[in-house]
Asks: 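Take a look at this one; I'll ask things after.
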Amino acid sequence: VRIDTGTLSVVKTITTSIASIRAIAWDPVLKGFWICGWADAIVCVDTNGVAIAGKTIPNTYAAKYGLA
């Protein structure tokens, strides 16, 4: 979610194909978020939640808790 820090109200939400996001990191070059679930591939999505073509890192490791 995007929150207005002045009013503390939700301004925008993003829906992605990953049902339960466990890790997220902002990429200022791609202007998108790297996200992943428990054992999903790591995917970069734009600010509307749409996957950025060619920006997927195959990954089957379980128990991911954070990205940086």
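Every value quoted in this text rests on a predicted model; they were computed, and no experiment measured them.
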Asks: From Leu30 CG over to Ile52 CD1, what is the distance, rounded to the nearest 0.5 angstrom?
Replies: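 Atom-to-atom, Leu30:CG and Ile52:CD1 are 5.0 Å apart.
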Asks: Just wondering, do Trp38 and Tyr61 contact through their side chains at under 4.5 Å, heavy atoms?
Replies: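 The answer is no, as the side chains (C-beta and beyond) never meet within the 4.5 Å cut-off.
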Asks: Checking side-chain contact (heavy atoms from CB on, under 4.5 Å) for the pair Leu67/Cys36: CA distance, chi angles, key distance, verdict?
Replies: CA-CA 9 Å; Leu67 295 172; Cys36 65; 4.3 Å; yes
Asks: I need the minimum non-hydrogen distance between Ala62 and Ala39, along with the two atoms involved.
Replies: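 Between these two residues, the closest heavy atoms are CA-CB, 4.0 Å.
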Asks: For the backbone of Trp34 and the side chain of Lys55, can you confirm whether one donor and one acceptor N or O come within less than 3.5 Å of each other?
Replies: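 Not confirmed, Lys55 side chain does not pair with Trp34 backbone.
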Asks: With hydrophobic residues grouped by side-chain heavy-atom distances under 4.5 Å, do Val45 and Ile21 end up in a single group?
Replies: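 Same cluster: Val45 reaches Ile21 through Ile, Leu, Val, Met, Phe, Trp or Tyr contacts under 4.5 Å.
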Asks: If I compare all heavy atoms of Arg22 with all of Lys64, which pair ends up nearest, and what's the gap?
Replies: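 Arg22 and Lys64 have their closest heavy atoms at NE-O, 3.5 Å.
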Asks: In chain order, what residues pass the side-chain hydrogen bond (donor to acceptor under 3.5 Å, both in side chains) check against Asn48, with sequence neighbours excluded?
Replies: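 With sequence neighbours excluded, Asn48 shows a side-chain hydrogen bond (donor to acceptor under 3.5 Å, both in side chains) to Lys12, given in chain and number order.
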Asks: Report yes if some heavy atom in the side chain of Trp26 is under 4.5 Å from a heavy atom in the side chain of Thr47; otherwise report no.
Replies: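 Heavy-atom side-chain distance check passes, below 4.5 Å.
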Asks: Give me the atom names and distance for the closest heavy-atom approach of Pro58 to Ala41.
Replies: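 Minimum heavy-atom separation between Pro58 and Ala41: CA-CB, 4.1 Å.
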Asks: Could you tell me if the side chain of Asp40 sits less than 4.5 Å from the side chain of Val43, heavy atoms only?
Replies: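 Not in contact.
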Asks: Under 4.5 Å between any side-chain heavy atoms of Ile14 and Phe33, yes or no?
Replies: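 Touching, per the 4.5 Å side-chain cut-off.
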